[in-house]
Amino acid sequence: MSVMIRNGRIVTADENYIADIFIEQEKVTAIGVGLPYKAEKIIDAAGKYIIPGGVDVHTHLDMPLGNISSSDDFETGTRAAAFGGTTTIIDYATQLKGMRMQDAFAAWRKKAEGKACIDYGFHMIITELPDDYLNDMDEMIDQGITSFKLFMAYPGVLMVDDSTILKAMKKAAENGGLICMHAEDGNKIEAIVRKTIAEGKTLPIYHALTRPPTTEAEAVQRAIDLAEEANVPVYIVHVSSQDALQKIIEARDKKAKVFAETCPQYLFLSIDDLEKPDFEGAKYVLTPPLRERWNQDKLWDGIKNNHLQIVSTDHCPFNFHGQKDLGINDFSEIPNGGPGIENRLHLLFDRGVLKERITINQWVAIISTTPAKLFGLFPKKGTIEVDSDADLVIWDPNKTHTISARTHHMRVDYSMYEGFKVQGFAEIVLLRGEVIINRGEWSGRSGRGRFIKRNKYTEIIE
Ligand code: DUC
Ligand code: ZN
Ligand code: ZN
């Protein structure tokens, strides 16, 4: 099927111009003014922006947690992502204890195959790494899983000690993998949590109060030091606070290869949300926790100055009724995570670009181009060029809507952004040349999403 998109304003991470785009065989095959080709389908994009499809490098679909799983699976979660203008995700597969990475990969592939509506890749979470598992990391790289997540939090479950971190980092230095770090001091937090519960303090707000920013900053510094020792780049996931950001800025000023993301929840929500009455604060129990509001401006400065290069969602939804309420009597039993896969582009356009916190090119960079580059998807994804995949969003910059659980497409019974009015709308979304969102309506197919074998991280960004 050939498609011609006429007269849209093409916006990439560094360009902004009006032209036609011609698509054949899933790819962009020509870009220019007044292209003379005949197409089976013509889309008029006059007055609209055309941006590369969003790339969300931090999601948790169908993620097991104790006896429950995150409420979106690969079908509902990726369809919701498409409504939000995201056409590629990188989800976290988990090598649970006792499991080899190959088995974890197979298990996550099975969750996605036949269901995913957009393209996807995986990172691998490593929870144990005896010497005879080190080769698993090479096998993952060969199969296109070129990044690994390590947890410095959740002792006894996901946390790995510093010697394991160093071992994984040294292996990554050898095979070109990228280490993603969940940086929170798990032991310190665990001690504060036990003491707090013993004092009878069980409300959701104590989730945030027992994980102070110092526990994040300390772990970020440790991760940076370990990466320096191993001589390997490190990517800090879900940076939530100025304290943690400061450590990243100091390291980057010394030319350390440290990269980092933040997430919309840290830019638009705050610790005050955890104080909502009737246990509603549980809707905002995320890790790291939401911080005091003043951190938001610091994170925006971090984005503007390229100390934070990516905004991902950390989409990890749990229903308020039946899942979050497992912690009604004890905040530490509330499943950690919140929904957002559908909201990222809209929030960042409305409250980033339109509020002049970032330029429109920076918006494209943080939501699509840089994640594609850092995680080995570029230039197939993350740009609009001849030969790139025709993953495109035709964005109406004027249309407004109000975010609500009543109308969103994520399979979760609340929205963290309920009632937020946003301007800018993903009107038409194409995945490899096929229209999957047509004027706000679903027209894609479950199972059309393809596993993308990623390349290794290359030092193509500063
Ligand atoms: N870390 C994540 O990255 N996602 C959900 C919960 C967590 O601790
Ligand atoms: Zn994490
Ligand atoms: Zn996460």
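Positions are given from 1, in the same order as the sequence printed here.
In this structure, Ile126 and Met137 have side chains that are in contact, with non-hydrogen atoms separated by less than 4.5 Å. The shortest side-chain heavy-atom distance between Lys27 and Ser388 does not fall under the 4.5 Å cut-off. Contact of the His307 side chain with the Leu245 side chain is registered, since non-hydrogen atoms from C-beta on lie closer than 4.5 Å. The shortest distance between side-chain heavy atoms of Glu427 and Lys48 falls below 4.5 Å. No side-chain heavy atom of Phe22 sits under 4.5 Å from any side-chain heavy atom of Val28.
Partner of Asp119 under the salt bridge (charged side-chain N to carboxylate O under 4.0 Å, His left out) criterion, out of Arg432, Lys380, Arg450: Arg432 alone. Residue Ser446 is tested with Glu75, Arg79, Lys115 for a side-chain hydrogen bond (donor to acceptor under 3.5 Å, both in side chains); the sole match is Glu75. Just one of His60, His315, His182 meets the ring-ring contact (aromatic ring centres under 6.0 Å, His included) condition when paired with His238; it is His182. Shown are Ile21, Asp20, Thr12, Ile43; of these, the side-chain contact (heavy atoms from CB on, under 4.5 Å) with Ile50 is made only by Ile21.
Nearest heavy-atom pair, Ala244 versus Val239, reported as atom, atom and distance to 0.1 Å: CB-CG1, 4.2 Å. Listed here is the closest heavy atom pair of Ser71 and Thr76: O-OG1, 4.5 Å. Of all the heavy atoms in Gln323 and Ser69, the pair that sits closest is NE2-O, 3.0 Å. The minimum heavy-atom distance linking Pro289 with Ala208 is given by the pair CB-CA, 3.6 Å. Minimum heavy-atom separation, Glu261 to Ser312: OE1-OG, 2.8 Å. Contact record, His346 with Gly424: CD2-O, 3.0 Å, taken as the closest heavy-atom pair.
Atom CD of Glu24 sits in a crowded spot, with more than 12 heavy atoms from other residues, nucleotides or ligands closer than 6.0 Å. When the shell of 6.0 Å around CG of Asp253 is examined, it contains more than 12 heavy atoms from other residues, nucleotides or ligands. Other residues, nucleotides and ligands contribute only 12 or fewer heavy atoms inside 6.0 Å of the OH atom of Tyr37. In the displayed structure, Lys298 atom NZ is contacted under 6.0 Å by at most 12 heavy atoms of other residues, nucleotides or ligands.
In this structure His207 satisfies the ring-ring contact (aromatic ring centres under 6.0 Å, His included) test with no other residue, sequence neighbours excluded. Listed by chain and number, the residues in a ring-ring contact (aromatic ring centres under 6.0 Å, His included) with Tyr235 are Phe375 (sequence neighbours excluded). Listed by chain and number, the residues in a ring-ring contact (aromatic ring centres under 6.0 Å, His included) with Phe105 are Phe451 (sequence neighbours excluded).
No side-chain donor-acceptor contact under 3.5 Å links Asp391 to the backbone of Thr88. The backbone N or O of Glu40 lies less than 3.5 Å from a partner atom in the side chain of Ser2, making a donor-acceptor pair. A side-chain donor-acceptor contact under 3.5 Å links Thr78 to the backbone of Cys117. Between the Gln309 side chain and the Asn306 main chain, a donor and an acceptor come within less than 3.5 Å of each other. Under a 3.5 Å cut-off, the side chain of Ser443 and the backbone N or O of Val435 do form a donor-acceptor pair. Proximity of a side-chain donor or acceptor of Asn305 to a complementary backbone N or O of Gly302 within less than 3.5 Å is not detected. With hydrogens and angles disregarded, a donor-acceptor distance shorter than 3.5 Å links the side chain of Arg344 to the backbone of Val55. Using a distance-only test at 3.5 Å, with no hydrogens or angles considered, a donor-acceptor pair links the side chain of Lys324 to the main chain of Ala282. Listed for the Thr370 side chain is a donor-acceptor partner under 3.5 Å among the backbone atoms of Ala365. Lys97 contributes a side-chain N or O that, together with a main-chain N or O of Thr127, makes up a donor-acceptor pair within less than 3.5 Å.
Classification of Glu218 and Arg222 as a salt-bridged pair holds, one side-chain N sitting under 4.0 Å from a carboxylate O. A salt bridge does not link Asp185 with Arg211: every distance from a Lys NZ or Arg NE/NH1/NH2 to an Asp or Glu carboxylate oxygen is 4.0 Å or more. The pair Arg445-Glu434 counts as a salt bridge, with a side-chain nitrogen and a carboxylate oxygen less than 4.0 angstrom apart. The residues Glu26 and Arg448 are annotated as salt-bridged, a charged nitrogen and a carboxylate oxygen being separated by less than 4.0 angstrom. Asp389 and Lys381 are joined by a salt bridge, as a carboxylate oxygen and a charged side-chain nitrogen come within less than 4.0 angstrom of each other. Between Glu228 and Lys257 no salt bridge is recorded (no basic side-chain N to carboxylate O distance below 4.0 Å).
For Asp56 and Thr59, the side-chain atoms include no donor-acceptor pair closer than 3.5 Å. Side chains of Ser241 and Asp243: no donor on one and acceptor on the other come within 3.5 Å. With 3.5 Å as the limit, one finds a donor-acceptor pair spanning the side chains of Glu342 and His409. Judged by distance alone, the side chains of Glu128 and Gln95 never bring a donor and an acceptor atom under 3.5 Å apart. Side chains of Asp138 and Asn175: a donor on one and an acceptor on the other come within 3.5 Å. No side-chain donor from either of Glu139 and Gln143 sits under 3.5 Å from a side-chain acceptor of the other.
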What do the steps show when you test Thr287 against Glu184 for side chain to side chain donor-acceptor pair (under 3.5 Å), and what is the final call?
-> CA-CA 9 Å; Thr287 307; Glu184 282 188 304; 5.1 Å; no

Trace of the side chain to side chain contact (heavy atoms under 4.5 Å, CB included) decision for Leu430 with Ile436 | CA-CA 6 Å; Leu430 293 95; Ile436 59 171; over 6 Å; no

Worked check of side chain to side chain donor-acceptor pair (under 3.5 Å) between Asp314 and Tyr266 = CA-CA 11 Å; Asp314 196 4; Tyr266 304 118; 5.0 Å; no

Tell me, with the steps shown, if Trp395 and Phe425 meet ring-ring contact (aromatic ring centres under 6.0 Å, His included).
-> CA-CA 6 Å; Trp395 185 265; Phe425 191 69; 7.7 Å; no

Could you walk me through whether Met159 and Asn187 pass the side chain to side chain contact (heavy atoms under 4.5 Å, CB included) test, one step at a time?
-> CA-CA 9 Å; Met159 189 169 113; Asn187 287 329; 3.4 Å; yes

Carefully, step by step, assess Tyr92 and Cys180 under the rule side chain to side chain contact (heavy atoms under 4.5 Å, CB included).
-> CA-CA 11 Å; Tyr92 279 99; Cys180 305; 3.9 Å; yes

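Residues Trp108 and His123 place their aromatic rings such that the two centres sit no closer than 6.0 Å.
Seen from the ring of Phe378, Lys373 counts as a face-on cation partner, given the 6.0 Å and 45° thresholds.
One distance of note links CG of Asp14 with OG1 of Thr359; it measures 10.5 Å at 0.5 Å rounding. Here the CD1 atom belonging to Ile42 is positioned 7.0 Å from the CE atom belonging to Met4, to the nearest 0.5 angstrom.
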